[in-house]
Undergrad: 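Dropping a structure here in structure tokens format, bear with me for questions.
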Amino acid sequence: KAGVTQTPRYLIKTRGQQVTLSCSPISGHRSVSWYQQTPGQGLQFLFEYFSETQRNKGNFPGRFSGRQFSNSRSEMNVSTLELGDSALYLCASSLADGGEQYFGPGTRLTVT
Amino acid sequence: AQSVTQLGSHVSVSEGALVLLRCNYSSSVPPYLFWYVQYPNQGLQLLLKYTTGATLVKGINGFEAEFKKSETSFHLTKPSAHMSDAAEYFCAVSLTNFGNEKLTFGTGTRLTIIP
């Protein structure tokens, strides 16, 4: 069974631009979560989607948004990029409530 | 609310020695507990998890962890370190409420293996 895939793997953007990251969960998984990993703040929860609905949201500004499609694939968008948005963005999928989360390899975003 | 504390941001052990990575948690409801490993430039891989039942949990690559409710701890151990164990390890907690998939992570422990 294929794992969680994330595209692109690497991305370089300029301050003020916007970016869209994509995540394809493991087949059959309906929950998709997004995390931001930085050296200073560590791993922080962004949001979680289940059946196309956002169920949980972390403490991030409104510039960070996401959505989930009917096939469970998810995208996250960051608008008006700031230097501090440079990070590894990880997507995770899970089969059921409380089930273990399987992580993708991440998208490394660099904002210059 | 829940939180995780990992004692020691860097741990070094000799090859063949015991590995002990410490994790303490706080949670308002009975937690699910996890240990993940991250190799350079990769995502997170689940080592083991505790949900309910037996408090000693065995995972992949020879790792195990024991859930101690009275000490609010979930320390990770491996009897004999191998060079391939060098990586960063994260302890995480999630709530057992249905519909709550949020993982709260500790700050991580970087494990170095000395030949």
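Lettering follows sequence order; numbering is per chain, from 1.
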Undergrad: Side-chain heavy atoms nearer than 4.5 Å, only ILVMFWY residues, links allowed to pass through others: does that put B:Met83 and B:Leu76 together?
TA: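 Yes, B:Met83 connects to B:Leu76 through the hydrophobic network.
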
Undergrad: For B:Gln38, which atoms come within 4.5 Å of any heavy atom of chain A: side chain, backbone, both, or neither?
TA: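 Contact with chain A: side chain only.
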
Undergrad: Which atoms of B:Leu44 are under 4.5 Å from chain A, going by heavy atoms: the side chain, the backbone, both sets, or neither?
TA: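 Both backbone and side chain.
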
Undergrad: Which bit of A:Leu88 comes within less than 4.5 Å of chain B, counting heavy atoms only: side chain, backbone, both or neither?
TA: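 Side chain only.
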
Undergrad: Give the C-alpha distance, both sets of side-chain angles, the deciding distance and a yes or no for ring pair (Phe, Tyr, Trp, His ring centres under 6.0 Å) between B:Tyr36 and A:Phe103.
TA: CA-CA 10 Å; B:Tyr36 284 88; A:Phe103 283 79; 5.2 Å; yes

Undergrad: Please examine the side chains of B:Phe90 and A:Leu43, heavy atoms only from C-beta on, and report whether any two atoms are closer than 4.5 Å.
TA: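 Yes. Closest side-chain heavy atoms under 4.5 Å.
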
Undergrad: Using a cut-off of 6.0 Å, state whether more than 12 heavy atoms not belonging to A:Asn59 lie near its atom CG.
TA: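 Result for CG/A:Asn59: open.
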
Undergrad: Around atom CZ of B:Arg22, are there more than 12 heavy atoms of other residues, nucleotides or ligands at under 6.0 Å?
TA: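 Incorrect, the count does not exceed 12.
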
Undergrad: So if you build clusters from Ile, Leu, Val, Met, Phe, Trp, Tyr with side-chain heavy-atom gaps below 4.5 Å, do B:Trp35 and B:Tyr39 land together?
TA: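 Yes.
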
Undergrad: Does any backbone or side-chain atom of A:Gln37 lie under 4.5 Å from a heavy atom of chain B? Answer side chain, backbone, both or neither.
TA: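 Looking at A:Gln37, just its side chain touches chain B.
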
Undergrad: For B:Phe105 together with A:Tyr35, are the ring centres under 6.0 Å from each other?
TA: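 Centroid distance A:Tyr35-B:Phe105: below 6.0 Å, so yes.
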
Undergrad: Consider only side-chain heavy atoms of I, L, V, M, F, W and Y, link residues closer than 4.5 Å, and tell whether B:Tyr32 and B:Val37 are in one cluster.
TA: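 No, B:Tyr32 and B:Val37 fall in different hydrophobic clusters.
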
